[in-house]
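What follows is a set of notes on a single structure, which appears directly below.
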There are 2 protein chains.
Amino acid sequence: MLKQFTIERPVRSRPDHIPADGNAFHSSIDAMGAPMYFARNSEIYGETEPAEYVYKIVSGAVRTYNVLDDGRRQIGAFYLSGDIFGLELAGEHTSSAEAITDCKILVVKRSTLVSLADRDNEVARELWEMTAVELQRAQAHIMLLIKTAQERVAGFLLEMAKRSASGRDVELPMSRQDIADYLGLTIETVSRTLTQLEKVAAINIPTSRRITLRNPVALTRLNS
Amino acid sequence: MLKQFTIERPVRSRPDHIPADGNAFHSSIDAMGAPMYFARNSEIYGETEPAEYVYKIVSGAVRTYNVLDDGRRQIGAFYLSGDIFGLELAGEHTSSAEAITDCKILVVKRSTLVSLADRDNEVARELWEMTAVELQRAQAHIMLLIKTAQERVAGFLLEMAKRSASGRDVELPMSRQDIADYLGLTIETVSRTLTQLEKVAAINIPTSRRITLRNPVALTRLNS
DNA sequence: CGACCATTTGATATGGATCAAGCGATGTGG
DNA sequence: CCACATCGCTTGATCCATATCAAATGGTCG
C-alpha cells in the first residue's frame with residue numbers, strides 16, 4: 001500500500017519540473033497524476049505488493065532495490081526528477097522503492113494507463129517503450145557489475161553526470177551505502193576508489209555529496 | 001545481416017516443437033515464421049545491426065552477449081527451444097546472438113509484428129509482455145551477479161533444471177566458458193565449483209555436458 | 001594412433017571484503 | 001551557545017574468495 005508522509009524539511013532544490021517532451025505518456029501522467037509527498041527513507045512500495053500505480057518524480061530522488069534472504073541489498077536503479085518508475089506489466093511489483101530524499105511524486109493508476117492504451121496505440125507503444133528503456137538500463141547495469149571497482153565507480157559518476165544535465169557537476173542525493181549497493185561493492189571500496197580518483201585528478205570532491213568531474217576523458221578511459 | 005549456414009551434423013535431440021500455448025505472439029511466429037538454419041558458433045546477428053527480425057528457436061540453443069572494449073564478454077541470456085529472442089523496440093540490436101549448437105530457428109520480420117500490433121491490442125500487449133519478461137530475466141541476472149561463486153553456479157543449475165522440464169536431469173548445450181561468461185566467473189572457478197558440488201553430493205556429473213541434481217533442496221539452500 | 005580442444009586440477013597472486021579506528025559534520029539537550 | 005552524541009564517511013591493517021598462471025587429463029575426430 002501507499003504510505004504518505006508529511007515533509008518536515010523543505011524539499012530539495014531540484015528543478016521543480018521537467019517539461020513533458022511531446023510524449024503522450026509523460027503528458028498523461030502530468031495531466032492526471034495526483035501529487036503525493038514522501039519523506040526521506042520512507043517506503044513508496046514493497047516488493048510483493050500489487051502494482052496499482054505508476055510514479056513520476058517531480059522533485060527528489062528514489063531508489064528501487066531487492067533484498068536477498070540474508071539481507072544483502074541490491075539497488076536496481078536510481079530515479080531523479082522527471083523520471084517515471086514503478087510500472088509493471090503484471091500485477092505485482094518486483095522490487096521495493098524508497099524515497100532517498102523528501103519527494104514530490106505524481107501518481108497515476110496503472111489500470112488507467114492500460115485502458116488508455118487499449119484505445120490509443122501511441123500510449124500502448126509508450127508503455128512498451130518504458131519497459132524497453134528499463135530493460136536497457138538493466139542490461140547496462142549487468143555490464144557494470146562485471147567490471148573492476150574503479151571502472152564501476154567511474155561509470156557511475158559518468159552516468160550521474162549525464163543525467164544531471166549540469167554537465168560536470170554532480171550532486172549525489174544518495175549515500176555511499178546506496179552507491180555501494182548499486183555497484184555491488186562495499187562502502188569502504190567506494191570511498192577508497194573516490195579518493196583515489198581524486199588523487200589522480202580525475203575528479204574533485206568538495207563535499208561528500210558533491211563531485212566535480214575534472215577530467216571526464218580520463219574517467220571514460222577508466223570506465224573500461 | 002542474417003548469415004545462413006548449412007548444418008553438417010544432425011540437430012540436437014530436443015523436442016522439435018513446444019506447442020504455442022494459446023499465445024497470439026507465439027502463434028503468429030509459428031504461422032508466419034520462415035525456418036532458418038544456423039551452424040554451431042555462427043552469428044545470428046551482431047550488436048549494432050538493425051533489428052529487422054524476431055527469432056523463435058525450434059531446436060538448438062542460442063547465446064546473446066555483449067563485449068567490452070578489452071574483450072571481456074558477458075553473456076546476457078541462453079535461449080532454448082521454444083524461446084523467442086531478438087525482439088527490440090528500437091531499430092538496433094543491443095546484443096549479439098550466436099548459435100551454441102546447430103539451430104533451426106523461425107524468423108519473422110519485426111515490422112510485421114509491429115503493424116500487427118497496431119491492429120490487434122492483444123499482440124501489442126504481448127510485444128510488451130515479451131520485453132517485460134526479458135526485463136525480469138535481466139533483473140534476476142543482476143541478483144545472481146552479486147552472489148558468491150557457489151551461489152551463482154547453484155542458481156544457474158536450478159534455473160537450467162527448471163527450464164529443461166526434464167526435472168533433475170540437465171543437459172548443458174553450452175561450454176564451461178559460456179557458463180563462466182554468463183555467471184561473471186572464470187572457467188576454472190566454474191569447474192572447481194561444480195566438482196565441489198559433486199563432492200558434497202548435491203549433483204552428479206556423469207559427463208561434462210550432463211548434470212543430475214542429486215539434492216535440489218541442498219542446491220536451493222546454497223543458492224542463498 | 002595422434003592432434004586438438006574442452007575440462008579439470010594445482011600453485012600462487014591479488015582485488016576487494018572484512019574488521020577496526022579515526023574524523024568531520026550535523027543536530028540535540030543542557 | 002556550547003558540549004556532546006550521532007551518523008556518515010574516510011583511512012588503515014589484515015584476510016580471503018576468486019583470478020591468474022601453469023600443467024595434466026580426457027574426450028573427439030581425422
Side-chain angles (χ1 to χ4, degrees), chain A residues 8-10 12 40-41 63 68 70-74 100-102 144-157 171-199 203-211 222 224, chain B residues 8-10 12 39-41 63 68 70-74 100-102 144-154 156-157 171-199 203-211 222 224:
Chain A
E8 300 91 350
R9 253 152 297 140
R12 292 188 57 261
R40 193 160 77 96
N41 291 327
R63 60 180 168 252
L68 295 178
D70 64 354
R72 275 171 291 177
R73 180 183 73 155
Q74 173 64 36
I100 292 176
T101 63
D102 294 334
L144 201 76
L145 290 179
I146 64 164
K147 297 183 181 180
T148 66
Q150 204 180 51
E151 291 166 346
R152 294 186 211 194
V153 172
F156 170 73
L157 291 177
E171 170 107 35
L172 299 173
M174 72 290 287
S175 69
R176 293 287 185 273
Q177 187 63 63
D178 285 340
I179 298 174
D181 289 350
Y182 177 75
L183 297 178
L185 300 170
T186 59
I187 184 177
E188 293 96 331
T189 300
V190 170
S191 182
R192 275 187 247 274
T193 305
L194 284 171
T195 45
Q196 186 201 345
L197 288 178
E198 191 175 34
K199 254 176 212 146
I203 61 172
N204 277 343
I205 315 179
T207 83
S208 70
R209 296 298 184 100
R210 169 177 296 282
I211 291 182
L222 291 178
S224 166
Chain B
E8 299 93 348
R9 251 152 299 139
R12 290 189 57 262
R40 194 160 77 96
N41 291 327
R63 60 181 169 251
L68 295 178
D70 64 353
R72 275 171 291 177
R73 180 183 73 155
Q74 174 63 37
I100 293 176
T101 62
D102 294 334
L144 201 78
L145 289 178
I146 65 165
K147 297 184 181 180
T148 66
Q150 205 180 53
E151 290 166 346
R152 293 186 211 193
V153 172
F156 170 74
L157 291 177
E171 171 107 34
L172 300 173
M174 71 290 288
S175 70
R176 293 286 186 271
Q177 187 62 63
D178 285 340
I179 298 174
D181 289 350
Y182 177 74
L183 297 178
L185 299 170
T186 60
I187 185 177
E188 293 97 332
T189 300
V190 170
S191 182
R192 276 187 246 275
T193 306
L194 284 171
T195 44
Q196 186 201 346
L197 288 178
E198 191 176 34
K199 253 176 214 148
I203 61 173
N204 277 343
I205 315 180
T207 84
S208 71
R209 296 298 183 102
R210 170 176 296 284
I211 291 182
L222 291 178
S224 169

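Letters A, B, ... are given to chains in the order of the sequence lines, protein chains preceding strands, and every chain is numbered from 1.
Judged by closest nucleotide on DNA chain C, A/Gln150 is the one of A/Glu188 and A/Gln150 placed further toward the 5' end.
With hydrogens and angles disregarded, a donor-acceptor distance shorter than 3.5 Å links the side chain of A/Arg152 to the backbone of A/Leu183. Checking side-chain atoms of A/Glu171 against main-chain N and O of A/Arg210 turns up no donor-acceptor pair under 3.5 Å.
Between B/Met174 atom CE and C/dA6 atom C1' there is a gap of 15 Å when expressed in whole angstrom units. Atoms CD1 (A/Ile146) and P (C/dG16) sit 13 Å apart, rounded to a whole Å. B/Gln196 places its CD atom 12 Å from the P atom of C/dT9, with the value rounded to the nearest Å. Following rounding to the nearest Å, B/Asn41 (CG) and C/dC5 (P) show an atom-to-atom distance of 12 Å. Regarding B/Ile100, its CD1 atom lies at a distance of 14 Å from the P atom of C/dA6, rounded to whole Å. In this structure, the CD atom of B/Gln177 is 14 Å from the C1' atom of C/dT8, given to the nearest Å. When the P atom of D/dC9 is taken as reference, atom CG of A/Leu172 falls 10 Å away, rounded to whole Å. One can place CG of A/Asp178 at 9 Å from P of D/dC9, the figure rounded to the nearest angstrom.
Salt bridge status for B/Arg73 with B/Asp181: present, with a side-chain N to carboxylate O gap under 4.0 Å.
OP1 or OP2 of C/dT9 lies within a sub-4.0 Å distance of a side-chain N or O belonging to B/Thr195. Considering only side-chain N and O atoms, B/Ser175 lies nowhere under 4.0 angstrom from the phosphate OP1 or OP2 of C/dA6. When the side-chain nitrogen and oxygen atoms of B/Thr189 are compared with OP1 and OP2 of D/dT18, none of them lie within a distance under 4.0 Å.
Scanning all heavy atoms of the two residues, the minimum distance from A/Arg176 to A/Ile187 falls at CB-CG1, 3.7 Å. Closest approach of B/Ala180 to B/Val190, counting heavy atoms only: CA-CG2, 3.7 Å. The two residues B/Ile205 and B/Ile211 make their nearest non-hydrogen contact at CG2-CG1, 4.2 Å.
Contacts of B/Ser191 with the nucleic acid, taken as non-hydrogen atoms under 4.0 Å apart, include base atoms. Looking at heavy-atom distances under 4.0 Å, B/Thr148 makes contact with sugar-phosphate atoms alone, never a base. At a threshold of 4.0 angstrom between heavy atoms, the contacts of A/Leu194 with the nucleic acid are absent. Residue A/Arg152 is out of contact with every strand shown, counting any heavy-atom pair closer than 4.0 Å.
With C/dT18, C/dT7, C/dG16 as the candidates, the nucleotide lying closest to the side chain of A/Arg192 is C/dT18. Residue B/Arg176 has its side chain nearest to C/dT7 when only D/dT20, D/dA13, C/dT7 are considered. For B/Thr186, the listed nucleotide lying nearest its side chain is D/dA19; candidates were D/dT10, C/dG16, D/dA19. Of the candidates D/dT18, C/dT8, C/dA11, the closest approach to any side-chain atom of B/Ser208 belongs to C/dT8.
Residue side chain A/Arg209 does not reach the base of D/dG8 through any donor-acceptor N/O pair under 3.5 Å, judged by distance alone.
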